[in-house]
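To find a chain, count down the sequence lines: A is the first, B the second, and so on, and within it residues start at 1.
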Amino acid sequence: MRCSNCNVDLGESQTTCPLCGAPAENIPPVLNGIKEAPYPEKTEKLLKRKERILPNKWVLRVAAALCLLFCILGNSLLYSLLSPMILLGVAIYLFICGLKEKGELLHSAVALIAQVGIELLLVLICLIFFHNANTTLFVMIVTLALTVILYAIRPERFTAQMKALLRM
Amino acid sequence: MNEKNTTTGMCEPWFPVDNAANLYCGNRRPGWARTLRLSFVLNEPVKPEEMQQALCDMSRRFPTFCAIVKSGLFWNYFERTAVQPKLQKEIDVPGRSINTGRTMQPNFRVLYYKNRITLEVFHGITDGGGSIRFLTSLVARYYELLGETVSDAPHALRADDEPTQEETCDPFIKNSTAGVKAKNYSEVSVYHIKEPLLKDNMRVTHGICRVEDLKQAASAYALTVTEYLTAILIFTYIQTAPQPIDQAISVSIPLDLRRRFGTESVRNFCYMSDITFHPQGRRDLTFAEISEGIAGMVQEKATVDYLSQEISANVRAQQSPLLRPIPYPLKHLFLKNTYRKNQCSFTTFLSNVGEVLAPPEVLRHINRAEFTLGETPYNPFGVGVVSVGGLLTVTFNDCRDDMEKQRFFLRFLASQGVPVHVETNR
Ligand SMILES: [Zn+2]
């Protein structure tokens, strides 16, 4: 097939010239031995492949921010029970992620250490404003313990994650 | 791979981004990352099972490909992933951006459709030269699995060899010299296409011709093939612009540095050169005048001395002691600005990745190759060039609904005595 309008060869299956839209003419091509390689038909609704998506790290950030907010609001039930429980849940989640092969993507080790820092801040706030930080202190110790366990189980991955994140 | 073996190329679970990748990593947007696309059109349909096996073997051989870009406190870095890449049947638009955020998949994909096998890879992972190395090795392994005896060739890495440090190192750092000052991008006003981009609507148009015909046509103007194609591209811009162009037309030309510096790295190692021509608002310029104006422009900037200085300047900027301790979110603002300046400093690009060299047993199965850059929010139109076995393919990627530039370019090429075969995805 050819388009004499454009003076170019076209594929055997082409009915119109993609350059000018003129109908393809049944003339032998000048270039021989070119293999046609069609593209998939474009469907009306593009089929987007579902690639496995990781949990958003913003979830963890929002959890920490909420806990801090509860504390500042001063609601005793929220600061003494709900915030530490959210943090405890996040710590366990990070720990499990850190154990899994794919969990390294979440920087679990780094996130756990950051969480210990946030909890320490919460303990101080609770002590100053409410004179009672038992639950939060307990969660902080648990988080710290989980961090140490993670290091003991996977020292290489733990160190590698820290190095990678802190690379300068 | 032996995790403890320090003589092999890659034993750390993470590795730093190289100098070029820094820019591509820093410039990602939600849902978009600079993506390269290289395809081989084979003489027979692809057999998915054998190709999947070849892909598994090769992902071990190319450890820097099986990685995901991550953000650290001070810099981005690549984290190696244990997730095996999966061969996918091509169903989407060509060059769809690689998802680099919140994914566990390596930052590349291998696609097949009938007799076309395609690698689409995030530019942070590798460049055109590295893509050729990967796809050639993959296809060589595929034919080996199909029972062919594939002879040893430096261009196709063997699946059973260990990756070397030479292949996985950062070639920019290795080839930079101390004492060169960091440089700034100049802000020259260049011409840009001002047309809306259509999302998820990339059109690729291939113009296939014989390398010999093209060389002959180029030699009539005393130009190299890259210069000749660039001259036609500039001529196309001048002739198809709605109004006469009174700004410089600058074509970005990536230069593969591997051969010049004698390195085997499969990571990024190219330098962005350019050819700039000012039409001074004239539409009556002849092709010969443009050819004369740009002759030798690439060669001028392709000397090892000049390139070495440029590489060192870029590495120096990255390693600046003032920049290093700044947290990444702040650096990101700077990088984004650098990339924007860089992208705005040229009109379009013409990326000639050269000839695909492969063992003869593999070459006889490859009909032709196609190379292009994926969709980009900056530039709706660009050109990729690659050749294999005497056939050269010029691929236009275009996110607009207009074929005027492709039509002008290919008709002009045909009028110069170069027979052209045209194919498109739409
Ligand atoms: Zn036509």
Evaluate the side-chain contact (heavy atoms from CB on, under 4.5 Å) criterion for residues A/V30 and B/H421: first the C-alpha distance (whole Å), next the side-chain angles of each, then the deciding distance (0.1 Å), finally the verdict. CA-CA 8 Å; A/V30 177; B/H421 177 105; over 6 Å; no

For the CD1 atom of A/I34 and the OG1 atom of B/T393, what is their distance to the nearest 0.5 Å? 8.0 Å

State the CG-OG distance between A/N7 and B/S415, to the nearest 0.5 angstrom. 8.0 Å

Name the region of [X], side chain, backbone, both or neither, that has any atom closer than 4.5 Å to a heavy atom of chain A.
X: B/E370; value: side chain
X: B/I326; value: neither
X: B/L391; value: side chain
X: B/V422; value: both

So which bits of residues 15-23 of chain A come within less than 4.5 Å of chain B, counting non-hydrogen atoms only? A/P18, A/L19, A/C20

Among residues 137-148 of chain A, residues within the sub-4.5 Å heavy-atom range of chain B, in order of number, are none

So, for B/N115 and A/P38, which heavy atoms are closest and what is the spacing to 0.1 Å? OD1-CD, 4.4 Å

State, to 0.1 Å, how close A/V8 and B/A414 come at their nearest heavy-atom pair, and which atoms those are. CG1-CB, 4.5 Å

side-chain hydrogen bond (donor to acceptor under 3.5 Å, both in side chains) contacts in which one or both residues fall within residues 21-36 of chain A, not counting sequence neighbours: A/S4-A/E25, A/S13-A/E36

A/Y39 side chain near B/E423 side chain, heavy-atom distance below 4.5 Å: no

Taking C-beta and beyond as the side chain, do A/D9 and B/V420 meet within less than 4.5 Å on heavy atoms? no

Could I get the full list of salt bridge (charged side-chain N to carboxylate O under 4.0 Å, His left out) partners for B/R210, not counting sequence neighbours? B/D213

Determine the option with the most heavy-atom pairs under 4.5 angstrom with chain A, choosing from B/R368, B/H206, B/R411. B/R411

Count the heavy atoms of every other residue, nucleotide or ligand shown that sit under 6.0 Å from NZ of B/K331, and state whether that count exceeds 12. yes

